[in-house]
Amino acid sequence: MKGLKLTDILVTIVISIVFGIVYKLWGPLYYAVKPIGLHVDQLIYGMWFIAATVAFLIIRKPGVALIAETAAASAEFITGSEFGIEVLLYGIVQGLFAEIIFAIFRYKKFNIGVVMLAAAASAAGSLIMDFYKGYIDDLVFWNLLLFIGARLIGSIIIAGAFAYYLVKSLEATGVTNLVRPASHEDYDALN
């Protein structure tokens, strides 16, 4: 597998800017469902991890998940994130945790299971940041389990399964062929 080219980085950043704007728009929805209680807000928290998984599924090269999540967090910050500058640190950690999962599979597995695992890893990274900030360690045990479970489930659904099927839909249109080199199967199909 060859390293990142300038076009890979530029496409990753374009994808990230789009998701950074989505992240910014997602904040009010997050706060709108928060009063429902029972950590329903955590079920939609996974949207903040989707740039890493979508960009990796499209580009399929080392470093893309980290770049994508960092760039998306930067775009969210630049557009006036209500979370302030700490959103950048969250983006780096979330992208790094997704990147670790893709690295474990040597950047060669692109199935839904790996993507869901990367989404869960991003959620784990965000939870570590939340513990570091000190605002969830005061929850009683059952409430903490509910909080963590809801975030993991939401992440697996949104940044895992939804991201996977979103990219599958893009692949069906042929748009991903513009950024990916032809595979052996593509060459075989020409014969």
Side-chain angles (χ1 to χ4, degrees), residues 8-36 39-60 63-102 112 115-133 135-136 147-170 175-176 179:
D8 299 328
I9 295 169
L10 293 175
V11 169
T12 300
I13 290 174
V14 168
I15 292 167
S16 301
I17 289 170
V18 169
F19 280 114
I21 293 167
V22 170
Y23 290 1
K24 172 62 179 131
L25 298 173
W26 203 251
L29 176 63
Y30 174 77
Y31 284 114
V33 300
K34 201 172 186 73
I36 295 171
H39 301 299
V40 171
D41 55 328
Q42 297 306 306
L43 291 173
I44 65 167
Y45 200 96
M47 181 58 78
W48 280 296
F49 314 137
I50 198 169
T53 53
V54 168
F56 176 75
L57 286 171
I58 292 173
I59 305 297
R60 298 183 176 183
V64 168
L66 177 59
I67 292 169
E69 201 58 45
T70 303
S74 299
E76 181 185 6
F77 173 71
I78 289 169
T79 58
S81 173
E82 59 270 22
F83 303 110
I85 197 157
E86 74 182 13
V87 76
L88 299 175
L89 186 55
Y90 270 82
I92 292 168
V93 170
Q94 292 161 185
L96 180 62
F97 275 61
E99 193 74 42
I100 289 168
I101 297 301
F102 296 130
I112 192 167
V115 176
M116 289 166 59
L117 194 56
S122 290
S126 72
L127 288 164
I128 290 169
M129 291 297 299
D130 289 349
F131 274 107
Y132 175 74
K133 283 179 52 183
Y135 80 89
I136 64 172
F147 183 94
I148 292 170
R151 184 171 299 178
L152 285 171
I153 290 167
S155 301
I156 289 167
I157 292 169
I158 296 173
F162 177 71
Y164 178 81
Y165 287 111
L166 175 65
V167 173
K168 280 290 181 198
S169 297
L170 290 172
V175 74
T176 56
V179 295

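For the atom pair Ile58 CD1 and Asp8 CG, the distance stands at 11.5 Å (nearest 0.5 Å). The CG atom of Leu25 sits 7.5 Å away from the OG1 atom of Thr79 when rounded to the nearest 0.5 Å. One finds the CD1 atom of Ile78 at 8.0 Å from the CG atom of Leu88 (value rounded to the nearest 0.5 Å).
Every side chain to side chain contact (heavy atoms under 4.5 Å, CB included) that Val11 has, sequence neighbours left out, goes to Ile15, Ile59, Val179. Under the rule for a side chain to side chain contact (heavy atoms under 4.5 Å, CB included), the partners of Ile157 that lie at least two apart in sequence or sit in another chain are Ile153. In this structure, the side chain to side chain contact (heavy atoms under 4.5 Å, CB included) partners of Ile136, at least two apart in sequence or on a different chain, are Leu127, Asp130, Phe131, Leu139, Leu144, Phe147. Residues passing the side chain to side chain contact (heavy atoms under 4.5 Å, CB included) test with Tyr31, sequence neighbours excluded: Lys34, Glu82, Phe83.
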**OP:** Could you give me the CA-CA distance, side-chain angles and deciding distance for Gln42 and Tyr30, then say whether side-chain contact (heavy atoms from CB on, under 4.5 Å) is met?
**Re:** CA-CA 8 Å; Gln42 297 306 306; Tyr30 174 77; 3.1 Å; yes
Original post:
Between Ile50 and Tyr23, does a side-chain contact (heavy atoms from CB on, under 4.5 Å) hold up when you go through it step by step?
Top reply: CA-CA 9 Å; Ile50 198 169; Tyr23 290 1; 4.1 Å; yes
Subject >> Full working for side-chain contact (heavy atoms from CB on, under 4.5 Å) between Tyr164 and Thr53 >> reply: CA-CA 8 Å; Tyr164 178 81; Thr53 53; over 6 Å; no
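Looking only at side-chain heavy atoms (C-beta outward), Ile17 and Ile13 come within less than 4.5 Å of each other. When side chains are defined from C-beta on, Ile112 counts as touching Tyr165, because their heavy atoms get closer than 4.5 Å. Counting only heavy atoms from C-beta outward, the side chains of Tyr90 and Lys133 approach each other to under 4.5 Å. Contact of the Ile128 side chain with the Val93 side chain is not registered, since no non-hydrogen atoms from C-beta on lie closer than 4.5 Å.
Shown here for Ala119 and Phe49, the closest heavy-atom pair between the two residues is O-CD1, 4.1 Å. The nearest pair of heavy atoms linking Ala32 to Pro35 is O-CD, 3.3 Å. Contact record, Gly20 with Ala75: CA-CB, 3.8 Å, taken as the closest heavy-atom pair. Pairing each heavy atom of Gly91 with each of Ala73, the nearest pair is CA-CB, 3.8 Å. The shortest heavy-atom contact between Ala120 and Ile156 is CB-CG1, 4.1 Å.
Among residues at least two apart or in separate chains, there is no salt bridge (Lys or Arg N to Asp or Glu O under 4.0 Å) pair with a member in residues 11-22. The stretch residues 117-127 participates, sequence neighbours left out, in these side chain to side chain donor-acceptor pair (under 3.5 Å) pairs: Ser126-Arg151.
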Could you go through residues 94-102 and list every donor-acceptor pair under 3.5 Å that involves a side-chain atom there, pairing it with any protein atom two or more places apart or in another chain?
residue, atom, partner, partner atom, Å
Gln94, NE2, Trp48, O, 3.3
Glu99, OE1, Ala65, N, 3.0
Glu99, OE1, Leu66, N, 3.0
Glu99, OE2, Gly63, N, 2.6
Glu99, OE2, Tyr107, OH, 2.8

